[in-house]
Amino acid sequence: MHRSMDEPTGAAGAPAARSHPAPARTWAPPLAEAGAQPPDPAVLGALLLRHGWQRRGGAPGRYGRWTPPGAADAAGGLLVPESAAFPDSAELMEEALAALARSPAPSARDILVSLAVPGDEIRWRREIPESAAGASGWTEAEELRSAARQILLAGALAARGRAGYHGARHRRKARAALDEVLLGPGADGRALTAYLPAASGRAIAVRLCHALHATREAVDYQRATGSMDAFDSAVAAGAGRELTEALITLVRGCEGARVDLRWAPAAGAPDGCPARPGPVEFSPGDLPALRAAGARYLRDEPAVRVRLTGAVVRLRRSGPRGAGIVRLRVLAGAEVGHVRAELDEEAYRIAGHAHLVGLPLRLEGRLESRGGFRRLTGASQVAPVQVDEAERDRLMKALQENVDFFEEACAGEES
């Protein structure tokens, strides 16, 4: 298993990767550590049933014998106790988990992972034609993983707030919310499963459940009537440009794709969601509607009036006088990492002096959706802000590390 939300990817349209990939994390069965508590037998039974295992007899009220899909008889099946109340239930569970670890059934590993990471599951399935080239399986697997990452990020963004287009807003916190999400191997490019821990990932799973179904309904409405109005109302459910772009990545190059969500057996279904959500399917015929919706979301998302505080990290203007452009690392006031702002001559001078003494700026303006909410227009009320000594020292250190660039950028500034 891999902490794949941090993995770099070269796929087009994929979310920006972090500066370094997280190492692969090896996984052991839940009882591999000494003193580990066995999982709830009811949870194991629910997972076996979910993955198509069949119960074939057993002592009523004490234990059941389960066999994998396609098994002709009960030989070699698992003995799973009905509950943890019986004296030998812990021993039976240890034996069942050991048998699962040795089982050749494809679903055995998925069941063990679901026990080790109690939470919700999101499954992707792509229908791709048989390829004559052996190397194409790796490419298709990367495409599927890229689409899965984008869908998860879209869900995390929607869980932070509803918007037709998030751009650069909320991305740091959205990515941080996905730190504990695991993605399965998915080596063939056709199937992939994400495991969202119930404690930290339930809000993302719930938002994706609503957003995917709302997007599917909006696509159906557009294809039936030609109207895009349903996409506007779908924003309240969590739909937006990030999700439509992720679905385009998922569907492009295949004959169809399906997203299936399963709730954690131990936690049950959340309020407002069906106990067993139906799978959501998309096909290449949906691509025109998804592309049109993405363009609509990008065009219609309004600018936001903000009053933000940021540290100046870059200054540029064409001559020794006049207006200039500054780049700020946002400290407060907006959910973006950096913004660019055009300042008049006096405001630019204030920004340069504040940078020299290690003080951030406070200013007001409109955060434009064009460019991903990274540009501030109509800047006013530009003034330096007092900060504590520790923050000022850190800002001064950043200045010293880039002093050559700063001197070049500020050439011609008056003292």
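Everything numeric in this text was worked out from a predicted model, so none of it was measured. For reference, positions follow the sequence shown, starting with 1.
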Is there a side-chain contact between [X] and [Y] (heavy atoms, below 4.5 Å)?
X      : Y      : value
Ile248 : Arg291 : yes
Leu343 : Ile350 : no
Glu143 : Arg252 : no
Leu97  : Leu112 : yes
Cys254 : Glu127 : no
Arg207 : Ile204 : no
Glu121 : Leu196 : no
Arg202 : Val206 : yes

Check whether [X] reaches the backbone of [Y] with its side chain - one donor and one acceptor, N or O, closer than 3.5 Å.
X      : Y      : value
Ser369 : Pro302 : no
Asp120 : Ala205 : no
Arg172 : Ala168 : no
Arg327 : Arg314 : no
Thr225 : Tyr221 : yes
Gln381 : Gly365 : no
His338 : Arg329 : no
Arg258 : Arg126 : no
Arg162 : Ala158 : yes
Arg175 : Leu178 : no

Closest contact, heavy atoms only, [X] versus [Y]:
X      : Y      : result
His210 : Cys273 : NE2-SG, 3.7 Å
Ala234 : Tyr297 : CB-OH, 4.2 Å
Phe373 : Val339 : O-CG1, 4.4 Å
Leu376 : Ala379 : CD2-CB, 4.5 Å
Ala214 : Ala237 : CB-CB, 3.6 Å
Glu342 : Ala323 : OE2-CB, 4.4 Å

| query | Has Arg340 got more than 12 heavy atoms of other residues, nucleotides or ligands less than 6.0 Å from its CZ? | reply |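 At most 12 heavy atoms, drawn from other residues, nucleotides or ligands, come within 6.0 Å of this atom.
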
Approximate separation, where rounding is to 0.5 Å, of [X] [atom1] and [Y] [atom2]:
X      : Y      : atom1 : atom2 : value
Leu367 : Glu364 : CG    : CD    : 13.5 Å
Leu183 : Leu152 : CG    : CG    : 6.0 Å
Thr249 : Gln150 : OG1   : CD    : 4.0 Å
Glu242 : Leu247 : CD    : CG    : 12.0 Å
Phe282 : Leu250 : CZ    : CG    : 8.5 Å
Arg374 : Leu328 : CZ    : CG    : 15.0 Å

| query | When you look at Val385 and Leu361, which way does the side-chain contact (heavy atoms from CB on, under 4.5 Å) test go after all the steps? | reply | CA-CA 6 Å; Val385 179; Leu361 288 181; over 6 Å; no

Going by an N to O cut-off under 4.0 Å, is there a salt bridge joining [X] and [Y]?
X      : Y      : value
Arg145 : Glu140 : no
Arg276 : Asp260 : yes
Glu345 : Arg321 : yes

| field | Residue that, paired with Glu335, satisfies side chain to side chain donor-acceptor pair (under 3.5 Å) out of Lys173, Arg171, His166 | value |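 Per the side chain to side chain donor-acceptor pair (under 3.5 Å) rule, the option paired with Glu335 is Lys173, out of Lys173, Arg171, His166.
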
| With sequence neighbours excluded, residues passing salt bridge (charged side-chain N to carboxylate O under 4.0 Å, His left out) with Arg223 | Asp286

| task | State which residues pass salt bridge (charged side-chain N to carboxylate O under 4.0 Å, His left out) with Arg362; sequence neighbours excluded, sorted by chain then number. | result | none

| task | Might you work through the side-chain contact (heavy atoms from CB on, under 4.5 Å) test for Arg299 and Arg296, ending with a clear yes or no? | result | CA-CA 5 Å; Arg299 181 181 65 249; Arg296 182 185 181 93; 3.7 Å; yes

| Passes side-chain contact (heavy atoms from CB on, under 4.5 Å), Leu315 versus Val312? Steps please. | CA-CA 8 Å; Leu315 298 101; Val312 179; 3.6 Å; yes

| message | side-chain contact (heavy atoms from CB on, under 4.5 Å) for Leu243 and Leu212? Distances and angles first, verdict last. | response | CA-CA 8 Å; Leu243 182 59; Leu212 286 168; 4.1 Å; yes

| Pick from Val280, Asp220, Leu290: which one makes a side-chain contact (heavy atoms from CB on, under 4.5 Å) with Thr215? | Leu290

| Side chains of Glu368 and Thr377, donor plus acceptor under 3.5 Å | yes

